[in-house]
2 protein chains.
Amino acid sequence: MATANVTPITSADRTFIQLRQDIVEGVIPAGAKLSETELSTKYQVSRAVIREAINRLTACHIVERRANVGARVVELSQAGLQELYEIRESLEGMAARLAARNMTMAEINKLLNLLDTHFETVREGESYYQEAGDYDFHYRIILGSKNQQLITLLTEGIYHLVRMYRVQLGMAGPRVTTAYAEHKHIAQAILNRDEELAEILMRRHITYSKNTIAKKLASQS
Amino acid sequence: MATANVTPITSADRTFIQLRQDIVEGVIPAGAKLSETELSTKYQVSRAVIREAINRLTACHIVERRANVGARVVELSQAGLQELYEIRESLEGMAARLAARNMTMAEINKLLNLLDTHFETVREGESYYQEAGDYDFHYRIILGSKNQQLITLLTEGIYHLVRMYRVQLGMAGPRVTTAYAEHKHIAQAILNRDEELAEILMRRHITYSKNTIAKKLASQS
DNA sequence: AAGGACTATATTGTCGACAATGATTTGGTT
DNA sequence: AACCAAATCATTGTCGACAATATAGTCCTT
């Protein structure tokens, strides 16, 4: 059972992941046209593979396709950010509620440990917390919901778009310590199995976070 | 400008829609294997087109695919229904909130008219209300949210799965008049621009509706 | 007879070529 | 010179063939 459950990775899978990363990280800029032939030479795969990758990216709203015309990377806009975060607020709020119901004590303890680790990191002035740390926290709560559809929707769909906004707008700012406090409160609510409060706090937390990014975006445009 | 904005329909689009319908309506039963070659002869298109259609169905969780093995129609289960309705509660709750904020007075009036029409239909004992009427109401509120991403997520993704459960479990039951009353209250909250209440009422409404289907499913299995 | 390895078969994954559609450029007309 | 039409070009959509992988069936070994 050494090689158990290694889900096979097809060429289309790799290309999809690579292409998604290149878009999210801004290597391929927002609004750019995605030429199938061009990409097929660039990534050294056939057009069919590129097409499948593009179709998958279309499904999670990272690119937009028009029949017989082609696909473009989505533009980042104030309106788009607003829409995205309304959905995120809704779904992650529900995730927090379900996490308060379904997470095991072991999982909750690991979540609390994670926050302690982050706290140390924040004290030492590292910026680690910003990117990966925040993601870790939210990721665990999403998984803790135990709702497979919700998990897929968020981790495969929404989150890459969220990351695209954060990366390309160069997230930084004074929200580190306040965000930490919010995380702590949410974790506490989950520990208390208070579904109602967990959802409310998560929704607020995401709203605050949206406002920060929105300001950033406004100042740049 | 006679033929303005007629978005071209490709063969893949048609096949996708047809295949989705056949699955939702139960022509292709839940759990069935989707052989690409078989479907390509059945629908008279090439395998590439079938593949694209299947991939799109995978994106909205109507079929599940495993690399190098194939695609199957999802199974309908108590757990799956639970998960689906948790998401629906979350997203449609948000849709109702946004609808209370963003719907125009004209749209709200049309919504109220729709309910009156439905009321007449219900009084006359027709069962029209069950399927199409309920859909109409929810559909208008979703559109009223004015959140394009949310609209796509619900109308292209979630709703076909919801319909699949409803159709294949043969929805009927005594919920007609109570559902009508709930719809009326939601519409009233939207008219009052009461976002908070609109969301709460919509979430309750969907929870009730879930319980009805869950009972049905339990009694059949 | 049971278990495992190997082979055969069927299905999916990938590819290059052709067809159809949309964009561009060129030429003509007013 | 400006505008419209037709032909050219590039790009996407579709197809059939080939390669790679998983399944199932067979044969051999213990």
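Throughout, a chain's letter reflects where its sequence line sits, starting with A, and its residues are numbered from 1.
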Task: By ring pair (Phe, Tyr, Trp, His ring centres under 6.0 Å) - contacts of A:Y43 (at least two apart) - done: none
TODO: Please list all pairs passing the salt bridge (Lys or Arg N to Asp or Glu O under 4.0 Å) test where one or both residues lie in residues 62-79 of chain B, with sequence neighbours left out.
DONE: B:E36-B:R65
Task: Residues forming a salt bridge (charged side-chain N to carboxylate O under 4.0 Å, His left out) with B:E195, sequence neighbours excluded - done: B:R97, B:R101
Within the sub-3.5 Å range, which N or O atoms of nucleotides 9-12 of chain D have a protein N or O partner, and how far apart are they?
{"residue": "D:dT12", "atom": "OP1", "partner": "A:K33", "partner atom": "NZ", "Å": "3.1"}
{"residue": "D:dT12", "atom": "OP2", "partner": "A:E36", "partner atom": "N", "Å": "3.3"}
{"residue": "D:dT12", "atom": "O3'", "partner": "A:N68", "partner atom": "N", "Å": "3.4"}

Open item on the list: Taking the minimum atom-to-atom distance to the side chain of B:V49, which one of C:dG13, D:dC15, C:dC15 wins?
Closed with: D:dC15
Task: Between C:dG13 (P) and A:D13 (CG): distance, integer Å - done: 9 Å
Task: Aromatic contact, A:H183 with A:H138 (centres under 6.0 Å) - done: yes
Task: Separation of C:dT14 C1' from A:I54 CD1 (nearest whole Å) - done: 16 Å
Task: Test side-chain hydrogen bond (donor to acceptor under 3.5 Å, both in side chains) applied to A:T155 - qualifying residues, sequence neighbours left out - done: none
Task: OP1 or OP2 of C:dC15 under 4.0 Å from side-chain N/O of A:S46 - done: yes
TODO: To the nearest Å, give me how far apart CD1 (A:I50) and C1' (C:dG16) are.
DONE: 15 Å
- [ ] Give every residue pair that meets the salt bridge (Lys or Arg N to Asp or Glu O under 4.0 Å) criterion with at least one member in residues 22-35 of chain B, sequence neighbours excluded.
- [x] B:E25-B:R163
Task: d(CG, B:N55; C1', C:dT12) in whole Å - done: 12 Å
Task: For atom CD of B:E52 and atom C1' of C:dT14, their distance in whole Å - done: 16 Å
